[in-house]
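A quick write-up on the structure given underneath.
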Amino acid sequence: TAAAPAALAQANPVGAEGGDPNILTLPEHSKGLGQAVATDGYGRPSKYEANVQRRPSPGLTQTSQASVSFAPLQSLFGIVTPSGLHFERHHQGWWDIDPSKHRLMLNGSEASLMKRPMVFTMDELMRLPSVSRFHFIECGANTGMEWGNVAVPTCQYTHGMLSCSEFTGVPLKLLLDMAGVDYKRARYVLGEGADGSSMTRTVPMELVESGEVIVAYGQNGEMLRPENGYPLRLVVPGVQGVSWVKYLRRIEVGDQPYGTKDEAIHYVDLMPDGKHRQYSSIQECKSVVTTPSGGQVLLDKGYYNVSGLAWSGRGKVKRVDVSVDGGRNWRTARLEGPVMSKCLTRFNIDWVWDGKPALVQSRAMDDTGYVQPSFQQLRAVRGTRSIYHNNAIQTWLVQESGEVKNVQLA
Amino acid sequence: TAAAPAALAQANPVGAEGGDPNILTLPEHSKGLGQAVATDGYGRPSKYEANVQRRPSPGLTQTSQASVSFAPLQSLFGIVTPSGLHFERHHQGWWDIDPSKHRLMLNGSEASLMKRPMVFTMDELMRLPSVSRFHFIECGANTGMEWGNVAVPTCQYTHGMLSCSEFTGVPLKLLLDMAGVDYKRARYVLGEGADGSSMTRTVPMELVESGEVIVAYGQNGEMLRPENGYPLRLVVPGVQGVSWVKYLRRIEVGDQPYGTKDEAIHYVDLMPDGKHRQYSSIQECKSVVTTPSGGQVLLDKGYYNVSGLAWSGRGKVKRVDVSVDGGRNWRTARLEGPVMSKCLTRFNIDWVWDGKPALVQSRAMDDTGYVQPSFQQLRAVRGTRSIYHNNAIQTWLVQESGEVKNVQLA
Amino acid sequence: LGTALGAESRYPQVGRDATPKELAAWDIDVRPDFKGLPKGQGSVQRGMDVWEGKCASCHGVFGESNEVFSPLIGGTTKNDVATGRVARLMDAGFPGRTTLMKVPTVSTLWDYINRAMPWTQPKSLSTDEVYAVTAYLLNMADVVPADFTLSHDNIGQVQARMPNRNGMSTDHGLWPGKGMGNGGKPDVKARACMKDCVPGVALASALPDFARNAHGNLAEQNRSVGAQHGADTTQAPRT
Amino acid sequence: LGTALGAESRYPQVGRDATPKELAAWDIDVRPDFKGLPKGQGSVQRGMDVWEGKCASCHGVFGESNEVFSPLIGGTTKNDVATGRVARLMDAGFPGRTTLMKVPTVSTLWDYINRAMPWTQPKSLSTDEVYAVTAYLLNMADVVPADFTLSHDNIGQVQARMPNRNGMSTDHGLWPGKGMGNGGKPDVKARACMKDCVPGVALASALPDFARNAHGNLAEQNRSVGAQHGADTTQAPRT
Ligand code: HEC
Ligand code: HEC
Ligand SMILES: [Ca+2]
Ligand SMILES: [Ca+2]
Ligand SMILES: [Ca+2]
Ligand SMILES: [Ca+2]
Ligand SMILES: [Ca+2]
Ligand SMILES: [Ca+2]
Ligand SMILES: [Co+2]
Ligand SMILES: [Co+2]
């Protein structure tokens with residue numbers, strides 16, 4: 001399915017005839033009649049974009065239904081992730097569920113915590129007040145392979161468990177209000193999926209009360225994709241992806257956290273003292289340069305727009321600095337608007353490459369004042385066995401040959 | 001390709017067994033193993049979404065390569081239009097152009113207006129500083145069938161030549177700076193496409209100087225779709241779609257407007273005095289309720305979230321008011337953020353339907369203070385033959401049967 | 001983006017000069033003042049051959065066809081040629097508008113035929129063929145006589161006979177620049193009344209029931225779940 | 001969204017009460033305090049049958065397999081059962097971590113097996129089978145003896161023997177609520193130095209050249225145009 005490797009010569013030659021043949025000889029499309037409207041009632045990317053795919057990382061998991069595919073960050077623009085390229089993380093495979101048969105149930109861990117346990121159809125949920133908001137989703141294990149040392153070649157594999165969409169749905173708070181929740185005692189919320197794993201995760205009531213947690217059916221203008229939880233998923237802004245329960249079938253409120261498989265066996269972060277941090281949920285401020293990045297080749301000296309993504313699970317990105325000398329000196333990048341809370345922010349900065357080796361890094365800061373740490377700073381506190389929540393500064397080595405390599409600095 | 005008509009009963013019955021069989025009998029997907037990651041390296045919507053398609057309007061054009069397909073606004077959420085559903089307008093068909101052979105040329109209508117006519121490859125354009133911005137694009141002829149009277153049944157056909165994306169590319173100003181333009185004399189910019197029609201349109205230098213006009217390659221995170229101008233199109237925020245030249249091959253600067261076919265024969269607005277307005281470009285402030293909307297059926301009384309889209313080619317949407325009694329009384333809707341300049345804004349407002357006939361309208365206001373007019377107000381100035389720039393308030397009649405009809409008021 | 005360096009030197013190694021041959025290949029636009037018009041000529045007679053060989057199949061022998069597109073010719077009079085205003089545009093009852101009724105500038109015809117016609121083989125005409133077939137169209141519209149030869153020399157005089165040459169206005173608020181128009185002032189002014197804004201409400205126009213299925217079954221044009229579903233327009237309206 | 005009306009009455013005709021039968025069908029979660037745990041029991045012996053019939057093919061006869069997933073059993077000691085801390089987690093050199101090394105709460109095992117296992121037929125086990133197979137797993141990990149029968153009555157005592165029951169901490173800043181954690185205070189603190197921030201720079205780790213094609217040809221994982229292209233990793237690095 002992938003296109004043939006591209007010719008590497010990046011050039012703009014005049015040609016022997018006194019001009020580029022691509023200009024002097026008019027192309028077929030300038031001299032003919034093209035295709036009709038609605039050739040595709042639902043369109044696809046150009047055939048020349050076949051290289052832009054989400055991909056699993058070879059050998060990362062033993063099965064393909066409890067696995068991951070990574071978004072091709074190196075080829076994306078702006079902040080919206082095309083839904084067809086959204087990263088995937090399934091625990092028991094994905095399904096295409098008939099939405100007319102899907103139900104959402106609300107209940108309390110005991111009767112006194114919710115006056116009125118309820119059942120909703122999709123039709124009913126879609127009648128309720130909706131909000132539409134842009135948020136990133138990042139797997140807690142994103143960049144998890146790189147805790148100890150460099151493991152994978154491109155930013156697709158280092159950072160590609162990251163995507164960003166406009167989500168539409170009903171604030172969970174509104175549903176809980178309808179059901180009459182005892183907010184004094186019910187401080188924990190359980191989301192449960194309808195797939196085989198019936199994924200469960202505990203979410204703090206504080207986040208729900210903030211209005212940020214959404215019971216979402218819309219993603220980037222259309223319904224959620226099946227791989228992302230069609231027809232209903234929980235959106236928990238700022239929190240690792242595993243909490244964004246897909247195929248959402250049930251919400252329970254309770255007075256204690258639930259210690260689910262993915263809060264007691266996985267998504268627990270092993271610290272140097274041998275203890276695991278449990279219920280570590282927030283994705284802290286992080287960034288990565290996506291162009292140039294690992295596995296790419298600069299074919300010429302000269303001007304390059306260095307571009308990348310920054311985000312924070314605690315709020316808005318406030319500033320991004322970029323270094324091309326391995327962190328010795330930094331310049332502040334331009335942020336593309338809108339800068340939104342718990343959302344990707346695209347940054348850009350000028351760079352003229354002189355052909356010598358360069359070490360490209362980005363460092364993000366959020367509006368709480370938190371600064372993205374280096375690997376050293378992160379490891380000094382958390383060691384190298386955590387798997388989750390690796391938000392260290394990424395380094396790309398641009399070699400004299402132009403080839404860009406994933407490296408870590410001493 | 002379309003799914004069978006949906007069963008009309010919107011209901012949430014308990015069932016004879018003391019529960020909904022969709023709950024009591026666990027579905028297959030709760031009891032089995034689903035599909036693998038990267039089953040699709042580039043995913044598609046659910047099979048249950050097959051009804052959500054862009055569509056031509058029967059009988060509107062005589063050929064399908066000089067035609068239109070309309071975005072299904074009635075089924076969209078938020079503000080981002082999925083690229084596969086983006087409306088299409090072609091004059092000589094669409095093409096999937098090899099980007100490695102595509103070139104952009106800059107020149108002056110005379111040598112003195114540009115110091116250095118230039119040629120760029122796509123590789124080169126993508127090295128330059130880029131910006132990413134959300135903007136709507138609306139065809140100047142959107143709602144054009146409705147100038148005289150109601151003509152089409154749904155908001156897909158009344159308002160569906162409207163889409164909104166995050167565009168990424170190089171500000172045209174930056175390219176013109178590189179080429180050394182004489183901004184004193186060169187006050188007009190011609191964009192030219194590479195397709196058969198080699199579409200040309202005149203853009204004012206003021207808009208280019210504002211930095212808003214973009215030579216774009218990115219749309220919603222990926223490359224433009226072939227139907228939308230892959231690999232390069234001009235983005236002219238606030239201006240009718242025909243100026244957003246697709247398959248962009250050339251930019252010329254000049255000291256006079258160009259009087260192109262689509263500025264002298266089409267996209268000219270016939271006024272009551274028999275004169276045509278030429279170079280009418282701005283899309284004025286407008287809005288439409290998309291849910292509920294024409295061709296839909298409300299199956300129950302009770303609560304509904306009335307939702308729709310508002311936009312202005314002059315800046316930001318400031319307020320949207322909604323009436324359910326044909327414009328007698330209005331309430332101000334909630335605007336979903338971010339509210340961006342020359343971008344769609346989603347609005348929502350509560351409504352409890354009592355089962356009686358209702359006339360649903362929305363009225364947008366932009367930050368220049370301009371208020372979207374009624375049909376009467378618009379026709380009083382422009383008559384009914386303009387075709388273009390119909391931004392009148394849309395009325396949907398909710399009948400007692402629940403069926404929603406496109407109507408115009410006296 | 002905000003440095004003080006000249007733009008030419010700020011982006012080294014990106015882009016190159018266009019060559020004269022390249023400019024000649026792509027800079028084909030022709031403006032209303034005829035800047036860009038290549039030298040050449042073509043008679044009405046030759047234009048008829050071009051037309052009948054390459055155009056008439058779509059546009060009709062007299063440019064009257066609306067099979068693949070709206071008619072090119074029709075609706076203009078000798079008097080329009082004299083006044084430069086197409087009278088029928090002032091008659092709201094006149095159905096349809098042909099190309100010649102609208103187009104104010106002959107350059108537009110020349111440029112568009114040169115770049116885009118014949119529809120399935122754009123840019124296949126020679127310069128002289130474009131002159132000729134333009135002449136033929138203008139002859140069908142009574143703008144030039146049957147023995148006329150259109151050329152770069154006389155096209156300015158032909159412009160002075162275009163039926164709708166005085167039919168355009170830029171006196172409006174929809175041009176987002178200073179060079180033309182009224183500077184952006186809207187022509188239609190509404191105000192945002194909130195309470196008791198209109199005395200009564202009556203329908204002026206509604207989609208007739210017989211047309212409810214004319215755009216296909218709307219049940220199939222809405223998703224299968226949602227606050228509302230699509231109406232089954234293969235059936236009579238619910239009552 | 002901001003009216004004073006009670007939420008229950010603000011959205012008429014939307015949603016309905018869940019029935020007791022419906023709640024019973026879906027409310028299956030079991031919490032660390034065993035809220036939600038249905039009554040029942042299962043012996044290690046019976047658990048062995050369930051395991052060998054329905055689990056061992058994937059997880060291995062002793063829960064040691066890493067063919068379809070990482071091992072469930074291994075790495076825990078009798079001493080861990082006594083202390084509630086898995087000693088090997090303190091040894092950075094110990095490879096891998098089994099399920100039993102990590103899981104602090106027996107409810108988690110019960111709940112997860114009940115909702116999700118066997119992987120291809122989740123929710124097919126009876127309540128007693130879940131008790132039994134959980135007992136069998138715990139026996140393999142030396143948490144319960146071979147003649148043990150796990151039940152709702154004694155599961156609390158089993159919890160007091162979980163090898164890693166004291167191995168968890170919520171003393172961190174990553175819980176976005178007040179009930180647990182340190183209230184959101186970050187553990188890692190960096191500052192945004194701008195000039196001469198580090199004395200020298202040296203590589204600590206880089207992808208070895210032999211692994212450059214391990215993720216496939218990167219030329220095929222970048223688009224064919226762009227500021228940079230993908231490296232052809234089927235070839236040796238350019239020099
Ligand atoms: C295969 C069909 C076909 C042929 C052959 C063809 N045309 Fe066209 N022509 C069209 C269509 C379709 C359009 C409308 C294109 C659009 O919507 O942009 C058009 C548009 C035009 C217009 C612009 C009319 C307007 O109002 O926009 C002119 C002028 C024209 N053609 C002249 C010619 C001439 C001269 C030739 C022959 C040299 C020719 N055509 C051959 C199909 C054809
Ligand atoms: C067809 C293969 C298969 C069978 C049969 C199977 N499992 Fe599993 N099991 C898996 C996979 C794969 C996972 C990991 C799922 C994930 O990633 O979420 C898993 C996970 C588990 C876990 C959680 C381990 C962890 O560390 O997260 C337990 C406990 C478990 N299985 C027990 C059982 C029991 C008990 C049975 C039989 C009743 C069983 N399994 C049958 C494949 C299987
Ligand atoms: Ca429960
Ligand atoms: Ca995850
Ligand atoms: Ca020119
Ligand atoms: Ca258009
Ligand atoms: Ca170069
Ligand atoms: Ca109801
Ligand atoms: Co329904
Ligand atoms: Co290239």
Side-chain angles (χ1 to χ4, degrees), chain A residues 10 12 22-23 29-30 32-38 41-43 46-49 53-54 56 64-65 67 69 76-78 80-82 84 88 90 92-97 99 101 103 121 123 127 129-130 132 166 168 194-196 218 220-223 225-227 230 304-305 336 338 346, chain B residues 10 12 22-23 29-30 32-38 41-43 46-49 53-54 56 64-65 67 69 76-78 80-82 84 88 90 92-97 99 101 103 121 123 127 129-130 132 166 168 194-196 218 220-223 225-227 230 304-305 336 338 346:
Chain A
Q10 179 178 47
N12 186 352
N22 293 305
I23 295 175
H29 51 266
S30 298
L33 179 62
Q35 295 189 63
V37 294
Y42 192 95
S46 160
K47 63 170 180 263
Y48 299 103
E49 296 294 304
Q53 301 261 324
R54 55 187 174 198
S64 59
Q65 296 99 336
S67 191
S69 78
L76 302 188
F77 309 114
V80 172
T81 308
E88 295 170 274
H90 313 305
Q92 221 135 327
W94 63 270
W95 295 86
D96 192 4
I97 293 177
K101 298 183 173 154
R103 301 289 179 267
T121 63
D123 286 347
R127 284 173 64 172
S130 72
S132 296
E166 184 188 30
T168 295
D195 61 330
N220 291 337
E222 59 192 358
M223 288 289 278
R225 293 295 178 84
E227 296 92 328
Y230 182 87
Y304 287 87
N305 179 52
E336 293 299 312
R346 171 67 60 178
Chain B
Q10 180 179 44
N12 187 352
N22 294 304
I23 295 175
H29 51 266
S30 297
L33 179 62
Q35 296 190 63
V37 295
Y42 192 96
S46 160
K47 63 172 182 263
Y48 299 103
E49 295 295 303
Q53 301 261 324
R54 53 187 175 198
S64 59
Q65 295 100 337
S67 191
S69 78
L76 303 187
F77 310 113
V80 171
T81 308
E88 296 171 275
H90 313 304
Q92 222 135 329
W94 64 270
W95 294 86
D96 191 5
I97 293 177
K101 298 185 173 151
R103 302 290 179 265
T121 62
D123 285 349
R127 284 174 62 173
S130 72
S132 297
E166 184 188 29
T168 295
D195 61 330
N220 291 339
E222 60 191 358
M223 290 287 279
R225 292 294 178 84
E227 296 92 329
Y230 183 88
Y304 287 87
N305 178 52
E336 292 302 309
R346 171 67 59 176

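Each chain gets a letter, A, B and so on, in the order the sequences are listed, and its residues count up from 1.
- By number of non-hydrogen pairs under 4.5 angstrom with chain B, the leading residue of A/G84, A/P226, A/G32 is A/G84.
- With B/W95 contributing its side chain and A/Q35 its backbone, the two residues share no donor-acceptor pair below 3.5 Å.
- Atom CD of A/Q53 sits about 9.5 Å away from atom OH of B/Y42, to the nearest 0.5 Å.
- For B/E227, the part lying near chain A is the side chain, with the backbone staying farther off; criterion is any non-hydrogen pair under 4.5 Å.
- Side-chain contact, A/E49 with B/Y230: a donor N or O sits under 3.5 Å from an acceptor N or O.
- When heavy atoms are compared at a cutoff of 4.5 Å, B/I23 approaches chain A solely by way of its side chain, counted from C-beta outward.
- The two residues B/V37 and A/P56 make their nearest non-hydrogen contact at CG2-CB, 4.5 Å.
- Annotation: maximal heavy-atom pairing with chain A below 4.5 Å, among B/S67, B/G218, B/S69, B/S64, occurs at B/S64.
- In this structure, chain A has a heavy atom under 4.5 Å from the side chain of B/T168, while its backbone stays farther away.
- If you measure heavy-atom distances from B/R103 to chain A, the contacts under 4.5 Å come from the side chain alone.
- The two residues B/F77 and A/E222 have their closest heavy-atom pair at CD1-O, 3.4 Å.
- Ranked by heavy-atom pairs under 4.5 Å with chain B, the list A/G196, A/A38, A/P82 is led by A/P82.
- Using modelled atom types, one side-chain atom of B/E336 and one backbone atom of A/S132 make a donor-acceptor pair closer than 3.5 Å.
- When each of A/D96, A/I97, A/D195 is tested with B/H29 by the rule side-chain contact (heavy atoms from CB on, under 4.5 Å), just one qualifies, namely A/I97.
- With A/E166 contributing its side chain and B/G78 its backbone, the two residues share no donor-acceptor pair below 3.5 Å.
- In terms of modelled atom types and a separation under 3.5 Å, the side chain of A/S30 and the main chain of B/A194 share a donor-acceptor contact.
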Does the side chain to side chain contact (heavy atoms under 4.5 Å, CB included) test come out yes or no for B/Q92 and A/L33, once each step is laid out?
CA-CA 6 Å; B/Q92 222 135 329; A/L33 179 62; 3.8 Å; yes
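- Between the CG atom in A/L76 and the CE atom in B/M223 there is a gap of 12.0 Å [rounded to 0.5 Å].
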